[in-house]
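See below for the structure under consideration.
Lettering follows sequence order; numbering is per chain, from 1. The shown structure was predicted, so the numbers you read here are calculated from the model rather than taken from an experiment.
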Protein chains: 2
Amino acid sequence: MRFQIEAAIQCSAALPEEGIRILEKAVQDANERLFRKGVPENVDPVEIGRITAWKVRDDQILLTLESGPYTRVHDAIFRFRKQLASLLGRLRIGLRGLEVISYRVLLDEGVTADLVPRLPFIRGIAERNGRVEIDLAVTASDLENRLPDRIVRLIEEKTQARQYGGKTEHWQLLYQSESRPRIYTGNPTDELIARKWIKHGSSRGQWIYAPQAVQLFRTFERIVEEEIIRPLGFREMIFPKLDTWDVLSRSGHAKGVYPEIYYVCTPKTRDPAYWEDIADYFKVTGEVWVEKIRERIDGPIGAMCYAQCPSFWPFVQGETLASDCLPIRVFDRSGTSHRYESGGIHGIERVDEFHRIEILWLGTCDQTVEMAEALHAGYSRVFNDLLELEWRAARVTPWFMAQEGMVGACGCESVGTTDYEALLPYNESWLEFQNVSVNGDKYPRGFTVKIQSGEECWSGCSGIGLERWTAAFLSQKGFDPAQWPEAVAKRIEEIPDIFRFL
Amino acid sequence: MRFQIEAAIQCSAALPEEGIRILEKAVQDANERLFRKGVPENVDPVEIGRITAWKVRDDQILLTLESGPYTRVHDAIFRFRKQLASLLGRLRIGLRGLEVISYRVLLDEGVTADLVPRLPFIRGIAERNGRVEIDLAVTASDLENRLPDRIVRLIEEKTQARQYGGKTEHWQLLYQSESRPRIYTGNPTDELIARKWIKHGSSRGQWIYAPQAVQLFRTFERIVEEEIIRPLGFREMIFPKLDTWDVLSRSGHAKGVYPEIYYVCTPKTRDPAYWEDIADYFKVTGEVWVEKIRERIDGPIGAMCYAQCPSFWPFVQGETLASDCLPIRVFDRSGTSHRYESGGIHGIERVDEFHRIEILWLGTCDQTVEMAEALHAGYSRVFNDLLELEWRAARVTPWFMAQEGMVGACGCESVGTTDYEALLPYNESWLEFQNVSVNGDKYPRGFTVKIQSGEECWSGCSGIGLERWTAAFLSQKGFDPAQWPEAVAKRIEEIPDIFRFL
């Protein structure tokens, strides 16, 4: 990896003879001393930033720098300017802006052009001696924000992801329950529709649930609450259901969630006069004037709730938590989650709009891992003894590693996700209906949350999808309450048919 | 109101002499007989559609028609074409398309140009003898869809709305409770923030609720459930929380809700490659590439839940309900509602994202009105005896009449909304914290729902805003549970502080 910059430093006046002498000495000193600061002794000098050419033209100093990975040219040039400013200050000459004339990065051998991101900062891609060279369109402030480093790191990540086989998820069986007698082998969605317990909503992957289906949801909710959440000390909060880009940026979702979210836009103004023609269009045609609305809305400002726990974090953002209140244990069940799933016809086990109890905890690493284990024990008991399900648990690549194209082993073995899968007898497949994740310091770092003791703050989350619990349960246990496990049957009131259609 | 159209009817061949004689007779017959069909006897002939000029040019018949409000020119021309087609059929000449050359409407005296909607169908606006004339750009299929009628009706509505003073809401006091001793005069939002029971979410008008605040919400929810909803036979359903345009069109909200909704857009594709540069942009800059995302999303397809009950209706859409299951009584509390409220700092009594129990019932007119009365009685008892609030109830213009610019008396006196308002001692204002609406046949008509007996199907709805109940209660009763009415105090468990910030 080689970096080369050509840049001009603007001076407050043309350099006099003495100024040029000062400049010449400063260049020599920078190459011999200044740029080597902080670089390990044994590094090949060719890898270190170096001014390879300079020229003075009127009140401008033109510089060319080259580097390998040490004291990269964008760091070197600012270091040099600072040094030079103090030297020229004696002549009452000030240094003004830095103009980047060109910035080129020669990528390592083996990196192919298609790994270079298509971004406005990439002005050109060329090949030189069998290696790819990129020409960056960057400003001085982009350099201060270390944009070249981030571009190079991104290309390295893409190269690595390709080498290690892309985004294949790691999957390792942790537990498999005993098998259960087959009571029912139908597709529960078909029967739910036939019984009019559910009906398609107006949007894709969206259902309207009649009282019978809601009774099942609420029964599972009560089991979770009575058997797991309350005994483990979790308290109910309400997390927002519209996630701004700020939340999705800090949570890391902005790294890759775009294909799967429902975007939210806001009106440019609340002034009814601004919207009058659009209202009139509907009154006249009976059609909503979508194309015109597109011009009148701002954003998108973010997305409809996708992962449920990110919007909790502004509650503790920037705070230091007292050690004696840890682990914090909360849950939310105040609304819907929305994912733009692949099209086609799916049952209630795969929907765009779904209902989930989201459990969240944070504390020290030990507390976080212990809570994940306690939850696992609780879930296992519920699935085995109360719901009497045929299920299994598997360790999988954490979502954020999968989404960011990270693969392989994480630094800490405790970070990871356990998926809970239930057998669907009607098609002999396994449905992921639940998970538990230990997210390490990912969220506390993103939202700057610290703990009193100075230990690293960790967090975990666990999502309980009510549609998927229902799909798993009905697939295995069918629709006859007499066949249901007692723990469910005793909690269900009668299931009334309140609608009768002719 | 005068209509004038110039149009050309394309024939399959040039008209021979005999064809022209047939045409001449047909015009005479149309003016004397055909256009008068269905018009009352005493109408001035000048108000009725009439062919005022005709000409044959090659294989085209050019026609000019004029009318007042009877057998308007767009109806007259289709009636004439049908008649002529059968007459010319004898000569084996067929009639093809109808091309509208011009369509003008001379509006009534007193209608000013600013009342004409700004729509693509309005090609020009002129003045003639002190009256406004509009020139419509319409096709034959627009005429078949009766677009001119809708435009004229819209202009009439706007004229009327201006005459009757615009959208002023009617407000009539129905009930005022006894006054209550002032226990507390603070602004509860300030104290909720200070106690860290709530904290601003990342989006505007959005709060995150800590366990203490949620306890209050859930307590009010239980009171509503135990004291009102269950005894009156309501059952829980789950209504979707993303409303498509189809739902908002049928519910009538598409007539005017645009300034206040959060719009929802979908990704153009789920293909990760399509989104890779946007993900890369974030990884490199730490910023979400909003401008580029705008180009990659479809829609808006609708809005985040605004009114909560419209998305129920697809469940019964197109159905006929058996009389013996009426009145249908359901409620939903499965998620958030979102309104783009005016900016500035508001407390929890005015938010963009809020939590509401939505109650909905449908049946005959009598059943619907009776249920509204039963709910009113239930609410009154809860506010007076259980919450011990200082409150009042007022009859107001129904939302849909207000939104559509309709004013004055509705056809049926039972249709209407009752607002429940609570006194906020800290600023001596009244907060609308609840409502009950009888919506007449509005929804059943929009979603084509019928009832077995053939009677008109009516519906009602009632929204219970948990933020607003909380604001009303805390404003009057303060934060000391010892001062709270027993019905609330006994239902609240202890209120734990689970977070401790340094």
What is the distance from atom [atom1] of [X] to atom [atom2] of [Y], rounded to the nearest 0.5 Å?
X: A:Ile155; Y: B:Asp280; atom1: CD1; atom2: CG; answer: 9.0 Å
X: A:Gln215; Y: B:Arg235; atom1: CD; atom2: CZ; answer: 6.5 Å
X: A:Lys283; Y: B:Arg153; atom1: NZ; atom2: CZ; answer: 11.0 Å

Taking all non-hydrogen atoms of both residues into account, name the closest pair between [X] and [Y] and its distance.
X: B:Arg329; Y: A:Ile498; value: O-CD1, 4.0 Å
X: B:Met304; Y: A:Val264; value: SD-CG2, 3.8 Å
X: B:Tyr258; Y: A:Ala279; value: CE1-CA, 3.7 Å
X: B:Asp277; Y: A:Leu119; value: O-CD2, 3.3 Å
X: A:Pro267; Y: B:Pro259; value: CG-O, 3.4 Å

[X], part contacting chain B, at a heavy-atom distance under 4.5 Å:
X: A:Ile261; value: backbone
X: A:Thr269; value: backbone
X: A:Ile208; value: both
X: A:Glu353; value: side chain
X: A:Arg296; value: neither
X: A:Ser323; value: neither
X: A:Ile328; value: side chain
X: A:Ile301; value: side chain
X: A:Ser249; value: both
X: A:Asn145; value: neither
X: A:Lys158; value: side chain
X: A:Tyr263; value: both
X: A:Gln212; value: neither

So which part of [X] gets closer than 4.5 Å to some heavy atom of chain A, the side chain, the backbone, both or neither?
X: B:Asp324; answer: both
X: B:Trp313; answer: neither
X: B:Leu326; answer: neither
X: B:Ser334; answer: both
X: B:Glu291; answer: neither
X: B:Phe217; answer: side chain
X: B:Ile278; answer: both
X: B:Phe121; answer: side chain
X: B:Glu236; answer: both

Using the ring of each side chain (for Trp, its six-membered ring), is A:Phe501 parallel, tilted or perpendicular to B:Phe315, with breaks at 30° and 60°?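 Tilted: the ring planes of A:Phe501 and B:Phe315 meet at 30° to 60°.
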Counting N and O atoms only, with roles assigned by atom type, does the side chain of A:Arg294 sit under 3.5 Å from a partner on the main chain of B:Gly299, one being a donor and the other an acceptor?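 Pair found, side chain donor or acceptor close to backbone of B:Gly299.
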For the interface with chain A, which of [options] has the highest count of heavy-atom pairs at distances below 4.5 Å?
options: B:Cys305, B:Pro314, B:Gly302; value: B:Pro314
options: B:Ser202, B:Pro117, B:Pro240, B:Pro211; value: B:Pro240
options: B:Ile151, B:Ile297, B:Asp142, B:Val247; value: B:Ile297
options: B:Asp243, B:Ile293, B:Asp332; value: B:Ile293
options: B:Gly286, B:Gly201, B:Ala210; value: B:Ala210
options: B:Arg218, B:Arg270, B:Gln206, B:Met237; value: B:Arg270

What option among [options] has the most heavy-atom pairs under 4.5 Å with chain B?
options: A:Leu248, A:Thr266, A:Ile198; answer: A:Thr266
options: A:Asp149, A:Ile451, A:Val316, A:Asp271; answer: A:Val316
options: A:Tyr281, A:Trp289, A:Tyr274; answer: A:Tyr281
options: A:Leu147, A:Thr244, A:Leu242; answer: A:Leu242

Of all residues at least two apart in sequence or in a different chain, which pass the side-chain hydrogen bond (donor to acceptor under 3.5 Å, both in side chains) check with A:Arg250?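 Listed in chain order: A:Asp246.
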Quick check on B:Lys199: does its NZ atom have over 12 non-hydrogen neighbours (other residues, nucleotides or ligands) under 6.0 Å away?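 Enclosed.
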Residue pair A:Phe282, B:Val257: steps toward the side chain to side chain contact (heavy atoms under 4.5 Å, CB included) verdict: CA-CA 11 Å; A:Phe282 178 79; B:Val257 81; over 6 Å; no
